[in-house]
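Here's the structure we're looking at; comments come further down.
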Amino acid sequence: VPPEAPQRPRFAVLRRIPEPALDLLGAAGDLQDAIAGADAALTLLYDRVDDALLDAAGPQLRCIANVAVGYDNVDVAACTARGVLVTNTPGVLTDATADLTIALMLSVTRRLGEGERLVRAGAPWSFDMFFMLGTGLAGKTLGVIGLGAIGQATARRARAFGMEVVYAGHHRVAEAVERELGGARFMSLDELLSSADVVTIHCPMTPETHHLIDAARLAQMRRTAFLVNTARGPIVDELALAAALHDGLIAGAALDVFEAEPNVHPDLLALDNVALSPHLGSATVETRTAMAVLAARNAIAAVRGEPPPTPVNPEVLPLALP
Ligand code: GLV
């Protein structure tokens with residue numbers, strides 16, 4: 001009797017992802033769009049990975065390859081308890097997200113959305129010394145909450161605009177990084193909020209950072225300051241933000257992420273001093289392709305029992321990883 005042919009691994013791809021990633025997965029196994037029976041699943045950030053989804057997948061599931069750097073949609077503890085590896089896609093989206101952060105910062109400080117709405121509406125306008133004046137960035141202070149990869153890439157760009165960098169977070173970064181950022185100063189969140197001209201959020205969404213920026217924290221900001229969020233919506237209390245903007249407690253906000261995407265609080269929509277984009281941080285052809293390919297490589301490595309490039313819970317792996 002011939003030995004049983006080894007079964008091809010089954011990859012669940014729950015939503016459309018770029019072709020190069022599908023090609024990789026298709027060469028390594030069989031693709032399916034349902035979770036049941038999968039050995040690995042590629043998930044996006046609106047896919048809630050919890051016990052219900054893990055039950056639906058079945059006990060053969062080895063890996064959740066999240067196609068995002070953030071993994072607040074994944075119950076990592078539940079995965080770890082079942083020996084399911086979780087992976088994410090850090091690195092490949094750092095530049096794209098930092099670019100978008102700067103774009104939003106410029107958009108709100110230079111009133112680009114407001115200007116575009118005016119032009120498109122056919123409203124009368126003319127150049128004059130006081131028409132639609134914004135706020136310059138040179139010599140101002142950027143306060144980075146969470147100086148990880150994206151925070152650092154954003155700060156590096158802000159330096160090119162002549163900004164000083166201060167930061168708050170769990171840890172001080174390496175001195176070489178502080179030096180490269182022109183002597184970036186580590187400080188408490190309280191101090192950052194009261195001293196920064198632009199506050200930009202780059203921490204992950206965790207129970208600890210949920211509504212980190214609430215009414216009290218917004219009140220600590222300067223009345224001339226701007227808040228930028230390209231991390232996760234629920235880090236900011238959206239209702240409190242709308243009130244702070246309405247009451248002039250801060251000068252403006254730029255948001256790529258929202259508490260209940262794709263819904264945006266109607267109070268924010270009514271305000272002119274808010275720049276809005278629909279979760280576009282990593283939305284370039286190059287970056288989305290790189291993210292999907294990295295997720296595919298993670299999934300393939302996991303089903304082969306090889307070390308995956310970017311694990312979130314490497315403790316489930318049989319081999320100790322560096
Ligand atoms: C997108 O929001 C990501 O976390 O990659």
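Predicted model only: the values in this text are computed from it and were never measured. Just so you know, ligand 1 is whichever comes first in the structure, and atom 1 is the first atom listed for that ligand. Scope of the values below: all heavy atoms of this structure, side chains included, with no hydrogens, waters or symmetry mates.
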- line: A student checking ligand 1 against Leu93 at a 4.0 Å heavy-atom cut-off should list atoms 5 (O)
Salt bridge Arg82-Asp51, side-chain N to carboxylate O under 4.0 Å: yes
- request: Number the atoms of ligand 1 from 1 as they appear, then name those within less than 4.0 Å of a heavy atom of Ala68, with their elements.
  value: 3 (C), 4 (O), 5 (O)
- prompt: Closest approach of Asn298 and Pro311, non-hydrogen atoms and distance?
  reply: OD1-N, 4.5 Å
query: What are the two closest heavy atoms between Leu245 and Leu268, and how far apart are they?
result: CD1-CD2, 3.9 Å
- request: For atom 1 (C) of ligand 1, grab the closest protein heavy atom and report residue, atom and distance to one decimal in Å.
  value: Leu45 CD2, 3.3 Å
Numbered atoms and elements of ligand 1 in range of Gly70, under 4.0 angstrom, heavy atoms: 3 (C), 4 (O)
message: Show, in sequence, the C-alpha distance, side-chain angles and deciding distance for Thr230 and Thr97, and conclude whether the side-chain hydrogen bond (donor to acceptor under 3.5 Å, both in side chains) test is met.
response: CA-CA 7 Å; Thr230 57; Thr97 308; over 6 Å; no
- request: Measure from the side-chain N and O atoms of Arg217 to the backbone N and O of Leu212, and report whether any donor-acceptor pair falls under 3.5 Å.
  value: yes
- request: Kindly confirm or rule out an N or O of His279 lying under 3.5 angstrom from an N or O of ligand 1.
  value: yes
- line: Residue, atom and distance of the protein heavy atom nearest atom 5 (O) of ligand 1 read Val69 N, 2.8 Å
- request: Say whether Thr89, considering both its backbone and side-chain N or O atoms, lies within less than 3.5 Å of an N or O atom on ligand 1.
  value: no
message: Exactly one of Leu227, Thr224, Val199, Leu193 should register a side-chain contact (heavy atoms from CB on, under 4.5 Å) with Ile250. Which one does?
response: Leu227
